[in-house]
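A quick write-up on the structure given underneath.
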2 protein chains.
Amino acid sequence: MQNLQKIKDKLQQYKIKPSLIRIKVLEYLNSTREHPNAEKIYKKLLKEIPTLSRTSVYNTLKLLTQKGAIKEIMIEEGEIRYDGINERHAHFKCVKCNNLYDLKLKCKSCLEETDLNKVKVMDEHIYIVGICKKCLKKGE
Amino acid sequence: MQNLQKIKDKLQQYKIKPSLIRIKVLEYLNSTREHPNAEKIYKKLLKEIPTLSRTSVYNTLKLLTQKGAIKEIMIEEGEIRYDGINERHAHFKCVKCNNLYDLKLKCKSCLEETDLNKVKVMDEHIYIVGICKKCLKKGE
DNA sequence: TGTAAAATTGTAATGATTACAAAATTGAAG
DNA sequence: CTTCAATTTTGTAATCATTACAATTTTACA
Ligand SMILES: [Mn+2]
Ligand SMILES: [Mn+2]
Ligand SMILES: [Zn+2]
Ligand SMILES: [Zn+2]
């Protein structure tokens, strides 16, 4: 399909050679908004690539992150989640169901320009922790 | 000194019984803006409390966090830093010197109210990753 | 084909955090 | 001052996601 070409193009755009695992990992991360961790990605791709190793998933995630094609999200200790959506947005982590939702940002920057114009900004992370709509309903 | 009383009051305010270790940990976190991790806090307090155990520091930090007296900051994998300053603010993490600086926020919320008025917000984290002024100068 | 570079794999190590049970301390009651 | 249960603190062992490393496989190109 032409979706494959899009993934390959994106990899090339970030100067990453398009191997099978890299394509599959990026394809998965671009197709979902669930922000999976390495283990979830491994389990998912194992169905398509039976020889896949956990190490390869970790290696690939590290590479994609370093090249800027995906983003690491660190919210809870001992678990890195990954986000393949590159548009600037914030996150909402529900402490009940553990889901991680995307949130829109209404302003370009919440920070004082005077603080920022002296430093080199490489990355920005904004997230809220709380209880989501669904879980609030469940608990009356 | 009367600083001690302030710390005790703050602990009581968050419904935490003021034991020696709790007082010392909170006192340290309220006196610094360096956002230390558990190990740094342990090393620092060991000078004053020679019988101190790492476990006690971890226990105390967990308790203070759960009660809301301090905040965990998770930016780099495998290292939780702690912040005793309760006023809402953002952070800047320098990837060169590894320092974590405080930043002022210019707006009350960067998020769409429509997204937030259906959920329960418990915590908010905003941070920038980049290279600080000092390190930029060093590298010409 | 031959071969060096790159990618992938499996196993072992790492290290911050946590679990757990024992020891010490506290504080109220007698 | 004692007693004793609750709380706090401690030391050791376990956890577990991630990383290091070396071996194997695959790729790309002459
Ligand atoms: Mn996202
Ligand atoms: Mn801070
Ligand atoms: Zn939820
Ligand atoms: Zn710096």
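In the text below, chain A, chain B and the rest are named by the order of the sequence lines, each starting its count at 1. The analysis underlying the following values was restricted to heavy atoms, covering all of them including side chains, and did not include hydrogens, waters or symmetry mates.
- At whole-Å resolution of the value, CD in B:E79 and C1' in D:dC16 are 18 Å apart.
- The existence of a salt bridge linking A:E27 and A:K6 is excluded, since no basic side-chain nitrogen approaches an acidic carboxylate oxygen closer than 4.0 Å.
- The closest side-chain heavy-atom distance from B:E77 to A:M74 is below 4.5 Å.
- Distances shorter than 4.0 Å separate none of the side-chain N or O atoms of B:T55 from OP1 or OP2 on D:dT12.
- In this structure, A:S19 reaches the sugar-phosphate backbone alone: every heavy-atom distance under 4.0 Å involves primed, P, OP1 or OP2 atoms, never a base.
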Practice problem: Check step by step if side-chain contact (heavy atoms from CB on, under 4.5 Å) holds for B:K40 and B:Y28. | Solution: CA-CA 11 Å; B:K40 190 154 195 179; B:Y28 177 29; 4.0 Å; yes
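- Distances shown here put every side-chain N or O of B:S53 at or beyond 4.0 Å from the OP1 or OP2 atom of D:dT9.
- A:E39 comes within 4.0 angstrom of nothing in the nucleic acid, heavy atoms only.
- Atom CD1 in A:I49 sits about 12 Å away from atom C1' in C:dA7, given to the nearest Å.
- Phosphate contact (OP1/OP2 of C:dT18, side-chain N/O of B:K62, threshold under 4.0 Å): present.
- Between B:L63 atom CG and C:dT17 atom C1' the separation is 16 Å, expressed in whole Å.
- Using a 4.0 Å heavy-atom distance criterion, B:N59 is classed as a base contact.
- At C:dT18, none of the side-chain N or O atoms of B:Y58 fall inside 4.0 Å of OP1 or OP2 (strictly under the cut-off).
- When the P atom of D:dT8 is taken as reference, atom CG of B:L45 falls 18 Å away, rounded to whole Å.
- A perpendicular orientation is assigned to the rings of A:H35 and A:H91, their planes being inclined by more than 60° (bins at 30° and 60°).
- The distance between atom CG of B:L61 and atom P of D:dT9, rounded to the nearest whole Å, is 12 Å.
- Across the protein-nucleic acid pair, B:E77 atom CD and C:dA16 atom P stand 11 Å apart, rounded to whole Å.
- Look at CG on B:L11: it is 12 Å from P on D:dT8, rounded to the nearest Å.
- Taking atom CZ of B:R54 as the reference point, atom P of C:dA19 lies 18 Å away to the nearest angstrom.
- Mapping A:I21 and B:K17 onto DNA chain C by nearest heavy atom places A:I21 closer to the 5' end of the strand.
- Ion pairing between B:D123 and B:K71 holds under the 4.0 Å rule for side-chain N and carboxylate O.
- Looking at heavy-atom distances under 4.0 Å, B:R22 makes contact with sugar-phosphate atoms alone, never a base.
- Counting only heavy atoms from C-beta on, A:A38 has its side chain closest to D:dT18 among C:dT9, D:dT18, C:dA7.
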